Amino acid sequence: MQHQQVETRPYDDQRPGTAGLRRPVATFRQPHYLENFLQSVFDIADLPDGATLIAGGDGRHFNAEALQTLIRMAAANGVTRVIIGRDGLLSTPAASHLIRHRRADGGFLLTASHNPGGPDGDFGIKFNVASGGQASEALTEAIYARSRSIGAYRICTDLAVPPLDALGVHAFGDCVIEIVDPVSDYAALMQSLFDFDRIRALLASGFRLHFDAMNAVTGPYARHIFCDLLGAPEGAVQRATPLPDFGGLHPDPNPVEAPELLRAAEATGGPDLIAASDGDGDRNMILGPGGLVHPCDSLAVLAAQHHRVPGYREGLPGVARSMPTSRAIDAVADALGIPCHVTPTGWRFFCNLLEDGQLGLCGEESFGTSSHHAREKDGLWAVLFWLDVLADARRSIPELLDAHWQRFGRHHYLREDWQIADADAANALVEGLRAACTPGAAPPRGVHSMRDFAYEDPVDGSHSEHQGIEVLLDDGSRIIYRLSGTGTRGATLRVYLEQHVTAPEAIAQASRNVLAALGHTAASLGRIEHYTGLSAPTLRV
Ligand code: G1P
Ligand code: ZN
């Protein structure tokens, strides 16, 4: 095979964000844009000779073309085996598992997660390392630095990539391309964690499950696991065919993007468990009769109920949450007598702790939950965890949730997103808050303390600064401000509101009502209107 060296010029905008490089498809279509980024990864990742790589994605627009380029460049960069999910599909947790399971040296995940797809939507690439986890901050920074100075990339232009729609092994010179079933290894992993017989019995007893794959990657996984293996009726899994544009949907499972699921949960006589996952299958939304189980509560309930589930019966060494995630999980960790680690936003910060055996469960408020079984968050895993807990507890979701709040109190929680056209204004706003955090600065009235969250990784000692402004108020409530690292246009200010209550009347209230006043406080403390001209958030989740 011919290895070609192609000259190129650097782009200056290839710094990966919270989870990989995400850009509009049109940006990726610029000449050599994709190739530059891939070569920067190959140059920095330091793969061994004869490396094995996993590749696959959420099936969005541009995936197929990007895979062709990736395969040709992998071969030219000394990779001798590329393992690809059939049709180029691999959910993010399944890819993470496959890297570990096949002892690969890393993997490329072609996804922009929950961002919209299609020609006018977004595309993305994430590089995961041999542990199955996301590239560290140091590695992503080094990749970015490389992308700023790159002068050439390597590619095998004459490699005729085989059709990806059939399983098989194809050799091209020194490089083998193996097309695998994207579902089976992942399904086997799930069977090793959960009591499938018990869940099958629950579903056979009339328990109604409704899973919405949002026209994205989890469709084939959910059909196989819920219908083939667990006996749920076909109709239990909806929108199960992955589409390149997600059928025009924003494949983000939350009450704003999937209001019909919320309505179905709130209606009387609805399903016993409604769930959905996002574009690449790592997020989860859980709803029960009455409404949403907030992801912060979901994490806390699963931790409190872990003893019911075979894969977790030996106990949890510790748990973790991202800083803006509610402190509901802290209360459970306290009761269990285990540590609760607090990390910056972004899944990659859990990876070292998971790899080091310090975590059982971990999660983020942004509909992401997982455990030591993978190095990514895992949407279907969370649904199975809930099903297994419900099967054992023989109680409904609202009953379990109520009992949890009786015991631990309720952490009312809400996230506001402010879409700001001018990124400089957003930065100035955060700078303003940061200035108020400097030691010696008198806290504003009603504020107990403020900090600019920094993190030292207990495993590798690395430091991450400026990870969000955390404000603790005198009444115990909490506000956090941070800028999104996944957006592709303008800036998104995220404001997180949290208040812990224990009185039964306060527990029963809607979080929106409980947190309304705190929302006003957050707007005025942050001087949001002053900096941005906006008087209300774009959305509340
Ligand atoms: C968002 C979420 C974060 C999550 C990330 C990737 O990042 O807030 O919890 O890890 O997406 O799914 P953000 O846009 O806030 O930087
Ligand atoms: Zn995702």
Side-chain angles (χ1 to χ4, degrees), residues 15-22 56-60 90-96 109-117 122-126 128 133-135 137 140 213-214 216-218 221 242 246 249-254 257 276-285 294-296 299 320-326 342-351 362-370 374-382 413 415-420 423 426 430 453 464 466-469 480-496 538-539 541:
R15 173 180 257 142
T18 314
L21 182 70
R22 275 184 213 173
D58 56 15
R60 68 176 57 228
L90 275 176
S91 79
T92 288
S96 172
L109 282 61
L110 280 56
T111 171
S113 189
H114 50 283
N115 293 21
D122 289 339
F123 180 73
I125 299 192
K126 231 163 69 168
N128 282 28
Q134 301 184 0
E137 225 183 348
T140 50
M214 302 188 93
V217 78
T218 49
Y221 293 84
F246 308 116
L249 276 185
H250 195 157
D252 194 0
N254 66 52
E257 301 298 344
S277 191
D278 70 329
D280 62 328
D282 58 355
R283 294 188 174 205
N284 74 88
M285 173 168 68
H294 192 279
C296 296
L299 175 64
R321 63 168 168 89
S322 65
M323 186 272 278
T325 299
S326 96
V342 181
T343 60
T345 295
W347 200 263
R348 64 173 185 263
F349 292 100
F350 294 136
C351 291
C362 49
E364 297 189 276
E365 53 70 41
S366 52
F367 296 79
T369 331
S370 197
R375 296 295 175 267
E376 290 277 5
K377 55 197 174 209
D378 191 344
L380 284 175
W381 165 91
Y413 191 87
R415 189 185 87 214
E416 296 179 342
D417 286 349
W418 299 69
Q419 189 57 43
I420 301 167
V430 173
F453 182 61
S464 305
H466 305 318
Q467 297 296 321
I469 308 289
I480 294 119
Y481 305 82
R482 60 177 284 280
L483 295 179
S484 159
T486 57
T488 54
R489 294 159 182 92
T492 305
L493 171 71
R494 302 203 194 280
V495 179
Y496 309 81
T538 322
L539 67 89
V541 250

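First listed ligand is number 1; within each ligand, the first listed atom is number 1. In this text, all values refer to a predicted model and were calculated from it rather than measured experimentally. Reckoned from all heavy atoms, side chains included, excluding hydrogens, waters and symmetry mates.
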Set of residues satisfying salt bridge (charged side-chain N to carboxylate O under 4.0 Å, His left out) with respect to E416, sequence neighbours excluded: R540

Protein N/O/S atoms closer than 2.8 Å to the Zn ion (ligand 2): S113 OG, D278 OD2, D280 OD1, D282 OD1

Spacing of CZ belonging to R283 relative to CE belonging to M214, to within rounding of 0.5 Å: 11.0 Å

Quick check on contacts: which atoms of ligand 1 are under 4.0 angstrom from a heavy atom of G485? 13 (P), 14 (O), 16 (O)

Near K377 (heavy-atom distance under 4.0 Å), the atoms of ligand 1 are 4 (C), 6 (C), 10 (O), 12 (O)

Between S96 and N128, a side-chain donor and acceptor under 3.5 Å: no

Do P324 and T345 come within less than 4.5 Å of each other through their side chains, counting heavy atoms only? yes

Polar-atom distance check: T345 versus ligand 1, any N or O pair below 3.5 Å? no

With nothing but distance in play, are any N or O atoms of S366 less than 3.5 Å from an N or O of ligand 1? yes

side-chain hydrogen bond (donor to acceptor under 3.5 Å, both in side chains) with T92: of D378, D280, D282, only one passes, and it is D280

Can you find a heavy atom in the side chain of P93 that is under 4.5 Å from one in the side chain of W381? no

Distance filter under 4.0 Å to R482 heavy atoms, resulting ligand 1 atoms: 8 (O), 13 (P), 15 (O), 16 (O)

Please indicate whether any nitrogen or oxygen in R494 is less than 3.5 Å from any nitrogen or oxygen in ligand 1. yes

Answer with yes or no whether the side chains of D417 and T492 bring together a donor and an acceptor at under 3.5 Å. no

Measure up the H294 and F367 rings against each other and bin them: parallel (under 30°), tilted (30 to 60°), perpendicular (over 60°). tilted

So, is S484 polar-close to ligand 1, with some N/O to N/O distance under 3.5 Å? yes

Report yes or no: does S322 have a heavy atom closer than 4.0 Å to ligand 1? no

Are the side chain of R415 and the backbone N or O of L539 linked by a donor-acceptor pair below 3.5 Å? no

Under 3.5 Å between any N/O of R22 and any N/O of ligand 1: does that happen in this structure? no

Going by heavy atoms in the side chains, are E257 and M285 under 4.5 Å from each other? no

Quick note on ligand 1: atoms under 4.0 Å from a heavy atom of G346 include exactly 10 (O)

What's the spacing between D278 CG and T111 OG1 if we round to 0.5 Å? 7.0 Å

